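Comments concern the structure below.
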Amino acid sequence: MAVLPGTATAAAGGGGAGGAKVVAQEKAGDRLVDLTVSSPALGRTAKVRLLTPDGWDERGKHQRWPVLLLLHGCCDTYDSWTRQTDVATLAQLRGTLVVMPEGGEYGWYSDWWNHGKGGSPAWETFHLRELLPLLEHGYGAGHRRVVAGLSMGGLGALLYAAHHPGMFRAAASYSGVVHPLYGDFPDGLMGLLRDYGQDPLALWGDPVAQRAVWEEHDPYYLAKRLRSTPVFLSSGDGTAGPFDPPGLYDDLEATLNEMNHAVAGRLKAAGVRLTTDFYGPGTHDWPYWERELHRSLPLLLGALGPA
């Protein structure tokens, strides 16, 4: 990657909400630009990849494009969508600014509870209160937005839409962790945090003692807040599908499938405009998420409206 001439210094002077600022900008490929953002909400810098629309390099000061906020999954990075899928080559997205921010390997698109003290990492604040204003100020982002993500990012997509009604015109989740209080999933999630050397109570607290905090981060309990937002949900059933070797079984995808069906029922009961693609055989893997991005684009781009 090469630093774009004259951009890093200029960008570094552009501050955003809460003192966030872009400190570096690099060209990562055709129509791909990587930003390094200094974030008070995180207490460090974070990376953001932009898939830029046609005409972006020659944009005028007041030119704006609709935004697709595209979120990665657990234990992965901001560049995963362009590394693993064909998103950068999709003709349908040439008129959209696709924003792929770092969400932390295990950030869960949340402002961490930290035993009631709050503070960093505050991923939701970083993405929505720091990053979006920065992109609107200097990078051509408009106010027509949709949000989508896979696995952990599927949770993020629904949380962001539910926590901020009207901010996103539609939300899509692919194999999303959309009901973290489902069954014994809290034990698995807290075990994951331990495996990464984290305090498992720092994210949302104890699922019993701090149940209200967990429910505030569980779309099953936020269904009514999504009434104004079209939602796309998809998942496989964990059995071997068209992109898997015969006989494979994926316990995680099977559990997420149960979660997604439960949330779908809850959303329908709340009157949410819901589209589902519960496609049966399929595991927790990129070929399915690439396919589901394709399948959800008509809903997402339709919600953005005409250019």
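Model, not experiment: these values are computed from the prediction. Note: hydrogens, waters and symmetry copies are ignored here, and every other heavy atom, side chains too, is used.
- Under the 4.0 Å criterion applied to side-chain N and carboxylate O atoms, R225 and E216 are assigned as salt-bridge partners.
- In terms of hydrophobic clustering, with Ile, Leu, Val, Met, Phe, Trp and Tyr side chains grouped at heavy-atom distances under 4.5 Å, L159 and M259 are assigned to a common cluster.
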Using the side-chain hydrogen bond (donor to acceptor under 3.5 Å, both in side chains) rule, take W289 and T85 through it: C-alpha gap first, then chi angles, then the decisive distance, then the call.
-> CA-CA 8 Å; W289 304 327; T85 78; over 6 Å; no

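- Between V37 and L134, the closest side-chain pair of non-hydrogen atoms falls below 4.5 Å.
- For the pair R211 and W214, the NZ or CZ position fails the cation-pi test of under 6.0 Å to the six-membered ring centre and within 45 degrees of the ring normal.
- A 4.5 Å side-chain heavy-atom check between V231 and L299 finds every atom pair outside the cut-off.
- Atom CG in L293 sits 6.0 Å away from atom CG in L90 (nearest 0.5 Å).
- Proximity of a side-chain donor or acceptor of D206 to a complementary backbone N or O of A209 within less than 3.5 Å is detected.
- A side-chain donor-acceptor contact under 3.5 Å links R59 to the backbone of W56.
- Under the 4.5 Å side-chain heavy-atom criterion for grouping Ile, Leu, Val, Met, Phe, Trp and Tyr, V177 is not connected to L70 through any hydrophobic cluster.
- In this structure, the side chains of L226 and R273 stay at 4.5 Å or more apart for every pair of heavy atoms.
- A side-chain N or O of H179 and one of D218 form a donor-acceptor pair less than 3.5 Å apart.
- Ring geometry for H127 against W123 counts as tilted: the plane angle lies between 30° and 60°, on a 0 to 90° scale.
- Note that OG of S235 is 13.0 Å distant from OH of Y174, once rounded to the nearest 0.5 Å.
- The ring of W81 has its center closer than 6.0 angstrom to the ring center of W286.
- In this structure, a donor-acceptor pair under 3.5 Å is present between the side chains of R49 and T82.
- Between L155 and P180, some side-chain heavy-atom pair lies under the 4.5 Å cut-off.
- Using a 3.5 Å distance cut-off with no hydrogens or angles, the side chains of S38 and K21 do not pair a donor with an acceptor.
- Hydrophobic clustering, with ILVMFWY side chains joined whenever heavy atoms are under 4.5 angstrom apart, keeps L297 apart from V147.
- Defined by atom type and a distance below 3.5 Å, a donor-acceptor pair is missing between the side-chain atoms of Y78 and H72.
- Checked by atom type, the side-chain pair W112/S120 shows no donor-acceptor distance below 3.5 Å.
- The side-chain heavy atoms of Q210 and L201, taken from C-beta on, include no pair separated by under 4.5 Å.
- Under the 4.0 Å criterion applied to side-chain N and carboxylate O atoms, E136 and R145 are assigned as salt-bridge partners.
- Using a 3.5 Å distance cut-off with no hydrogens or angles, the side chains of Y279 and N257 do not pair a donor with an acceptor.
- The closest donor-acceptor contact from the side chain of Y196 to the backbone of G191 lies at 3.5 Å or more, if one exists at all.
- Here the OH atom belonging to Y221 is positioned 6.5 Å from the CZ atom belonging to R266, to the nearest 0.5 angstrom.
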Using the side-chain contact (heavy atoms from CB on, under 4.5 Å) rule, take T239 and L248 through it: C-alpha gap first, then chi angles, then the decisive distance, then the call.
-> CA-CA 6 Å; T239 62; L248 186 66; over 6 Å; no

May I have the step-by-step check of side-chain hydrogen bond (donor to acceptor under 3.5 Å, both in side chains) for E130 and T125, ending in yes or no?
-> CA-CA 7 Å; E130 294 181 346; T125 294; over 6 Å; no

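- For the pair T283 and G238, the tightest heavy-atom approach, listed with the atom from each and the gap, is CG2-O, 3.8 Å.
- Distance check: H217 NE2 to L158 CG gives 13.5 Å after rounding to the nearest 0.5 Å.
- For G156 against Y109, the heavy-atom pair with the smallest separation is CA-CB, 3.6 Å.
- Looking only at distances, a side-chain donor or acceptor of S39 sits under 3.5 Å from a matching main-chain atom of A41.
- Rounding to the nearest 0.5 angstrom, the gap separating the CD atom in Q25 from the OG1 atom in T36 is 9.5 Å.
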Could you walk me through whether H143 and R169 pass side-chain hydrogen bond (donor to acceptor under 3.5 Å, both in side chains), step by step?
-> CA-CA 10 Å; H143 292 141; R169 296 187 176 197; over 6 Å; no

Show the numbers, then the answer: is there a side-chain contact (heavy atoms from CB on, under 4.5 Å) between L35 and V23?
-> CA-CA 8 Å; L35 307 179; V23 296; over 6 Å; no

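- The closest side-chain heavy-atom distance from L267 to L233 is below 4.5 Å.
- Of the possible donor and acceptor atoms, none in the side chain of E26 sits under 3.5 Å from a partner among the backbone N and O of V33.
- Smallest separation of non-hydrogen atoms from L131 and P101: CD2-CB, 3.8 Å.
- With hydrogens and angles ignored, the 3.5 Å screen pairs a side-chain donor or acceptor of N260 with a backbone N or O of G176.
- E292 and S234 make their closest contact through OE1-CB, 3.2 Å (heavy atoms, listed as atom of the first residue, atom of the second, distance).
- Hydrophobic clustering, with ILVMFWY side chains joined whenever heavy atoms are under 4.5 angstrom apart, groups L69 together with M152.
- In this structure, D76 contributes its side chain and G73 its backbone to no donor-acceptor pair below 3.5 Å.
- No side-chain donor from either of S110 and E124 sits under 3.5 Å from a side-chain acceptor of the other.
- Residues Y139 and L97 approach most closely at O-CD2, 3.7 Å, considering heavy atoms.
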Evaluate the side-chain contact (heavy atoms from CB on, under 4.5 Å) criterion for residues M100 and V98: first the C-alpha distance (whole Å), next the side-chain angles of each, then the deciding distance (0.1 Å), finally the verdict.
-> CA-CA 6 Å; M100 294 164 279; V98 183; 4.2 Å; yes

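- Considering only heavy atoms from C-beta on, E253 stays 4.5 Å or farther from S151 through its side chain.
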Is there a side-chain contact (heavy atoms from CB on, under 4.5 Å) between L68 and V99 once you walk through the steps?
-> CA-CA 6 Å; L68 165 58; V99 179; over 6 Å; no

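- Side chain of D250 to backbone of H284: a donor-acceptor contact under 3.5 angstrom is found.
- One side chain, T77 or R83, offers a donor N or O that lies under 3.5 Å from an acceptor on the other.
- L128 and V67 fall within the same hydrophobic cluster, where Ile, Leu, Val, Met, Phe, Trp and Tyr residues are linked whenever their side-chain heavy atoms come under 4.5 Å apart, directly or through other members.
- Counting all heavy atoms, side chain and backbone alike, L93 lies closest to V87 at CD1-CG2, 3.7 Å.
- Annotation: side chain of P53 is not in contact with side chain of R94 (no heavy-atom distance under 4.5 Å).
- Considering OG1 of T96 and CG of L304, their distance stands at 6.0 Å, rounded to 0.5 Å.
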Under the side-chain hydrogen bond (donor to acceptor under 3.5 Å, both in side chains) criterion, do D244 and Y288 qualify, and how do the steps go?
-> CA-CA 10 Å; D244 304 304; Y288 297 100; 2.5 Å; yes

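- One N or O on the side chain of T52 and one on the backbone of R31 form a donor-acceptor pair closer than 3.5 Å.
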